[in-house]
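Just below is one structure, and these are the notes that go with it.
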Amino acid sequence: MEYNPRDIEKKWKKYWQENQTYKVSNDSDKPKYYVLDMFPYPSGAGLHVGHPLGYIASDIFARYKRLKGFNVLHPMGYDAFGLPAEQYAIQTGVHPAKSTDDNIGRYRDQLDNLGFSFDWSREVRTCDPKYYKWTQWIFTELFHHYYDQSANKAIPISNLVSTFEKEGNVTTKAATTQEETFSAADWKAFSKAEKEDTLMRYRLAYREIGYVNWCEALGTVLANDQVKDGVSERGGYPVVQKAMPQWNLRTTAYAERLLDGLETIDWSSSLKTIQRNWIGRSEGAQLFFDVDGLAEKIEIYTTRPDTIFGATYMVLAPEHPLVEQLTTEGQADAMDKYLSYVKSRSELDRMADKQVTGEFTGAYAINPFTNTKIPIWVAEYVLIGYGTGAIMAVPSDDDRDKVFAEKFGLEIIDVVDKTDYPGATLSDKVGKMINSDFINGMEVPDAITEVCKRVEAMGIGTAKVNYKLRDAGFSRQRYWGEPFPIVYAEDGTAEMLPLEELPLELPETDDFKPGQGGQSPLSRLSDWVNSKDGYTRETDTMPAVAGSSWYFLRYMDPHNDDAFASQDAVNYWQDVDLYVGGSEHAVAHLMYSRFWHKFLYDKGLVPTQEPFKKLINQGMIQGVIEFIYLLKDIQDGVNHFICAELAKKRGITNFARIPVYIGYVSNYGAANSHLTQEGIKQFIEWRPEFKNAKFECPNGIFQNGTFTPNGDAMDSQLITQSEVGKMSKRYFNVVNPDDVVEEYGADCFRLFEMFLGPIQQSKPWDTQSIGGVSRFLKRFWSLFYNQDGKYLVNDEAPSKDELKALHQTIKKVAENIERFSFNTCVSEFMICVNKMIEYKCNKRAILENLVILVAPFAPHMTEELWHQLGHETSVHDASYPDYKEEYLKEDSVKYPISVNGKKRALVDFPADFTKEQLEKEALANETIIKWTEGKTVRKVIVVPNRMINIVVG
RNA sequence: GCCCUGGUGGUGGAAUUGGUAGACACGCAGGACUUAAAAUCCUGUGGCCUUUGGGCCGUGCGGGUUCAAGUCCCGCCCGGGGCACCA
């Protein structure tokens, strides 16, 4: 029998499907293990070879765990709501549901082609009403809860209402934007709308006026990344901030727990760091400065209260509400001028060139500790969105304040002596306090504590923790997303739909363009919007992160219509043991998921605080982009392409780089990648506008269908410029895994992707070495069948060497899988198969085990071989072999013997030699004597089973 | 600027706790089989020197610790990613 991957793979895929080999039960005595992939957004481009990298790794791991006796949950689904489908609908009129469904079909075929062990009976799609019913429900639950900082968890809002009825809001410690206090009597006197407004400031899902990027010309609201330099990325139309009521999630309530939780999970340090930076916790003090001659106080936030004696001026953000009031008559003109200058600067300008700018208000504040008058300035380096939008400036201990003070000639008082800390920078919190009254001589950390105490005693402020993390904007003015399960009463108060009325289904429409004034397309559907007597519906929809924030829980019990998942299912599967996905989701998806999960934990609906115990980021597989050079000067109306090599030689730089479909390029990715005549013809057929163009190569010119060589060149060689970059439709460099599978088989594809290198590393796609992996599979097969198709497997007893090679492989492969080093697993297989070929070993006792070891990597081929070995059940239901130490024992050990750290000899010694014997024999070795002769042996280091080092002097 | 990563042959990469640097594969060179090619198999393959015994150098650069450093410490350089007036 010959190794024919096409037939074998087809055969076993069918078998697995018919036998439901990968169906997983929630009812099992085995320990559970949950392996999850980040589910894909089904884009129109389909899967490229980069997508499966992580899926293959997780599939190998899932299959390995299964062989090790675990009940493994390994599901897959689709993140199916999203903007691309909606944009496609606007362009083509194809309903997003239809295009999404088509794309999913295509994805499914591609995934099936690779032999994954997904339990497809558990598939979820975020756009399925049966699924988003529960996305909507969790949202309503967020609405019905507030975050109680005393209990440190989410509590039903009804509890808060009873507290307000009894005590007002003075006793409650909650995550809220409510600043004014009120008594029980006040509360009772509030109107319904006032009460609702107040509660809104406590809810975990709340509505508030927010700002969106409104583009009048496009008639739509744009996402932040669609706005560049104050204009729309597409078309370059002006974009303004437009106020709109928006739903938000109070993510900030969980900031501390989101930060602390990172300590408990096994994620890469870089990922944790990104999340930590994003949360951006800082400890400091919030305090008030009096204004000279005015009743107003300025509230500031500082992480360095210890430096308050060096606070010689204050700065307000240009948008600060007190700016106008504080500006004196004499400064009014100057201030107006400054504020309009600031307005003229876009976000990008401000980031790009950090000029030191500012203007004096004319007013003075009183430093509460020195009681001196200090000037109040306005400057754009202070941001309204962080802290309180105002700072006390300490030019001696803050770089920005220092630069500012130097430019405007403001006083600088040194307050921290850092002479004991050479190398410490200005921002390091170290040093001894000077010029600082009662804290003089204290170390910085002690001084911070001391000043905080004093601030609180004086009643001018409190110690406070601040976060960079912002609440999550949750409204999108789009069609293709989850509708909010909300109706508004005539007085504008929001009411959540009860569970019985969920899901609130997305209404049908065929017009996906934005509605009036940037509203969602849903706003046009007045029958739907005006739901029942005077109530109107929310027309915005949820963002794509909504559905992906909890999908991993739905897989546990995907068809449950009474709960997002049953408590039995959730308690059995608990959490995700291994999560594999790209690091581009480092912030949004992973932060929201953790937040939702913690909320569900507070409600007692999930048993763990963190959803993803271990997370692996797979690297990106990049593509090679092939460019040809088109000269920008058109002569005689003819486009002129020039070989990249010629351009370089002649120093030509005035060209446009035109990406070419990589299928036309010969030696794709190599230094001499080029277009032959055939390639140029294909290119012209693809881009007919270049039909008459001239293609100039060093060896001739191609034009109008013919190649005119200089000299005797047979074919054109238009060198293309190769560049590593994203694999993307727009660079025409997407490689479809189906094509690779067609040529080499899925098993080979899987093995090859793993063999490329460590899973976390990014690398360009290069099939040059796929032949090595393909050869390995054929060699493996050749242990079972010879070239004439004769079955070779026998029942002879394995030799010592064979057993040793096998058990070494068992040990190494298992260890390598456990540490996600899949590339080295493939190497180990190769080493083992090479040895077995050398030993001419066709013994069942060896091969049977080897088949199981390879099964997670090459599931189809091993299934065939397993059945050829006479088994009736699937190899994927076998048990992983245990390695036995006894087979690995060596009679002798090869010792490198070094003299002064340099290896001089390699000698076999019996494995049971003692240290003394080893030392004696090493010193007696002929080669070693040559190096030690005439010198004194000072020391001999013997590490049993490792090496011997002789120190001479 | 700050934080996180990584830097090893012609190439992808290996070396798990400091203990034989370059496993495994690609590529290349030579050979076998063949009329020939493909496929397959075998041998060699870090650089330099060499009297063919071997020697010297070598993991981005410069120092250090150690009997021993790709691995640990200090100071740089370069690539990738994140954050970026965060008080």
Side-chain angles (χ1 to χ4, degrees), chain A residues 268-278 280-282 284-285 300-305 307 315 317 350-351 354-356 379-383 385-394 397-401 403-404 423 425 427 466-469 583-584 586-587 617 619-620 670 752 755-758 760-764 766-773 775-776 778-779 782 787 812 815-816 818-819 821 823-834 837 894-906 927 930 938-943 945-953:
Chain A
S268 73
S269 69
S270 63
L271 198 56
K272 285 188 184 184
T273 309
I274 292 172
Q275 291 225 337
R276 256 182 225 121
N277 291 345
W278 191 261
R281 183 184 196 275
S282 66
I300 61 111
Y301 175 72
T302 176
T303 57
R304 293 297 302 275
T307 62
V315 186
R350 277 174 83 156
M351 275 198 281
K354 284 168 194 170
Q355 292 181 29
V356 182
E380 60 178 336
Y381 82 91
V382 173
L383 308 174
Y386 186 75
T388 60
I391 62 160
M392 65 174 203
V394 183
D397 272 273
D398 181 284
D399 286 307
R400 293 151 308 171
D401 295 346
V403 173
F404 191 85
T425 64
S427 55
N466 212 347
Y467 301 94
K468 278 198 266 180
L469 185 74
S583 56
E584 65 273 22
V587 178
N617 283 129
M620 209 169 43
F752 176 62
F755 193 57
L756 282 173
Q760 294 96 333
Q761 238 165 65
S762 289
K763 51 231 147 191
D766 176 10
T767 48
Q768 269 213 355
S769 58
I770 196 169
V773 174
R775 260 191 290 283
F776 156 73
K778 285 180 195 153
R779 283 160 68 84
S782 77
Q787 278 174 316
K812 288 212 165 162
E815 279 171 4
N816 288 346
E818 299 275 3
R819 62 188 180 97
S821 176
N823 55 331
T824 54
C825 291
V826 181
S827 299
E828 291 303 328
F829 293 144
M830 289 172 169
I831 292 169
C832 188
V833 166
N834 287 347
I837 286 176
K894 266 199 170 57
Y895 278 91
I897 308 176
S898 303
V899 178
N900 284 350
K902 274 195 195 311
K903 186 180 74 172
R904 297 300 179 187
L906 195 59
T927 321
K930 274 197 287 184
R938 300 200 183 277
K939 204 171 173 186
V940 179
I941 288 124
V942 179
V943 183
N945 293 315
R946 283 286 185 189
M947 46 69 67
I948 299 164
N949 189 17
I950 297 161
V951 187
V952 298

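What you see below is based on every heavy atom in this structure, not just the backbone, and it leaves out hydrogens, waters and symmetry mates. The model shown is predicted, which means the values in this text are computed figures rather than measured ones. Order of the sequence lines sets the chain letters (A, B, ...), proteins ahead of strands, with each chain counted from 1.
Taking atom CZ of residue R276(A) and atom P of nucleotide G81(B), one finds them 22 Å apart after rounding to whole Å. Atom P of nucleotide G1(B) and atom CG of N277(A) are separated by 17 Å, given to the nearest angstrom. In this structure, CD1 of I274(A) is placed 12 Å from P of G81(B), rounded to the nearest angstrom. At whole-Å resolution of the value, CD in Q760(A) and C1' in G81(B) are 14 Å apart. Between I950(A) atom CD1 and U66(B) atom P there is a gap of 21 Å when expressed in whole angstrom units. Rounded to a whole Å, the CD atom of Q275(A) is 16 Å from the P atom of C4(B). Counting to the nearest Å, the P atom of G55(B) and the CZ atom of R904(A) are 6 Å from each other. Between L271(A) atom CG and G82(B) atom P the separation is 12 Å, expressed in whole Å.
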side-chain contact (heavy atoms from CB on, under 4.5 Å) evaluation trace for Q761(A) with L756(A): CA-CA 9 Å; Q761(A) 238 165 65; L756(A) 282 173; over 6 Å; no

Derivation of the side-chain contact (heavy atoms from CB on, under 4.5 Å) call for I391(A) and D401(A): CA-CA 10 Å; I391(A) 62 160; D401(A) 295 346; 3.6 Å; yes

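RNA chain B forms stems at B:1-7 with B:77-83, B:10-12 with B:24-26, B:27-32 with B:40-45, B:46-49 with B:54-57, B:60-64 with B:72-76, each a run of 3 or more consecutive Watson-Crick or G-U wobble pairs whose two key distances fall under 3.5 Å.
Nucleotides of RNA chain B nearest to S821(A) and I837(A) differ in position, and the one nearer the 5' end is that of S821(A). Where K778(A) and K468(A) each meet RNA chain B at their nearest nucleotide, the meeting point lying more 5' is that of K778(A).
Of all heavy-atom pairs spanning E380(A) and L383(A), the tightest one is O-CD2, 4.1 Å. T388(A) and Y301(A) get closest at one heavy-atom pair: OG1-N, 3.6 Å.
Checking T307(A) against D397(A) by side-chain atom types alone, no donor-acceptor pair falls below 3.5 Å.
Residue T302(A) has its side chain nearest to A87(B) when only C67(B), G13(B), A87(B) are considered. Of all nucleotides listed (C86(B), G55(B), C85(B)), C86(B) comes nearest to the side chain of Y386(A).
Comparing the C1' positions of G22(B) and U45(B) gives a spacing of 12 Å, expressed to the nearest Å. Atom C1' of U16(B) sits at a distance of 34 Å from the matching atom of G55(B), rounded to the whole Å. The gap from the C1' atom of G80(B) to that of C85(B) amounts to 25 Å, rounded to the nearest Å. Nucleotides G18(B) and A25(B) place their C1' atoms 28 Å apart, quoted to the nearest Å. As rounded to the nearest Å, A14(B) and G53(B) have C1' atoms that lie 31 Å from one another. Separating the C1' atom of C67(B) from that of C76(B) is a span of 29 Å, rounded to the nearest Å. On the P atoms, U20(B) is 29 Å away from G75(B), given to the nearest whole Å. U34(B) sits 11 Å from A39(B) when the C1' atoms are compared, rounded to a whole Å.
Contact annotation: the side chain of I897(A) never approaches that of L906(A) to less than 4.5 Å [non-hydrogen atoms, C-beta and beyond]. The shortest side-chain heavy-atom distance between K939(A) and N949(A) does not fall under the 4.5 Å cut-off. Within the 4.5 Å cutoff, the side chain of E828(A) has heavy atoms near those of the N816(A) side chain.
Using a 90° window around 0 for the glycosidic torsion, G9(B) falls inside it and is classed as syn. The glycosidic torsion of G53(B) lies within 90° of 0, placing the base in the syn range.
Residue S269(A) places at least one side-chain N or O under 4.0 Å from the OP1 or OP2 atom of U5(B). For the OP1/OP2 pair of C57(B) and a distance below 4.0 Å, the side-chain nitrogens and oxygens of K902(A) include at least one atom meeting the criterion. The side chain of R400(A) places no N or O atom within less than 4.0 Å of a non-bridging phosphate oxygen (OP1 or OP2) of G1(B). Regarding contacts with the backbone of A87(B), every side-chain N or O of Y301(A) stays at 4.0 angstrom or more from both OP1 and OP2. For R819(A), no side-chain nitrogen or oxygen approaches OP1 or OP2 of A14(B) to under 4.0 Å.
Every residue meeting the ring pair (Phe, Tyr, Trp, His ring centres under 6.0 Å) condition with F404(A), not counting sequence neighbours, appears here in chain and number order: Y313(A), W377(A), Y381(A), F408(A).
Within the 4.0 angstrom heavy-atom criterion, only backbone atoms of the sugar-phosphate kind lie near S282(A); the bases stay farther away. In this structure, K272(A) reaches neither bases nor backbone, as no heavy-atom distance under 4.0 Å exists between it and the strands shown.
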Sequence-aligned protein contact record of nucleotides 17-28 of chain B, with B where the base is within under 4.0 Å of a protein heavy atom and S where only the sugar-phosphate is: --BB--BBSS--

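Of the inter-residue distances, the one linking I274(A) atom CD1 with N277(A) atom CG reads 8.0 Å to the nearest 0.5 angstrom. For the atom pair CZ (R904(A)) and CD1 (I950(A)), the distance works out to 11.5 Å, reported to the nearest 0.5 Å.
A donor-acceptor contact shorter than 3.5 Å links the side chain of N900(A) to the backbone of V952(A).
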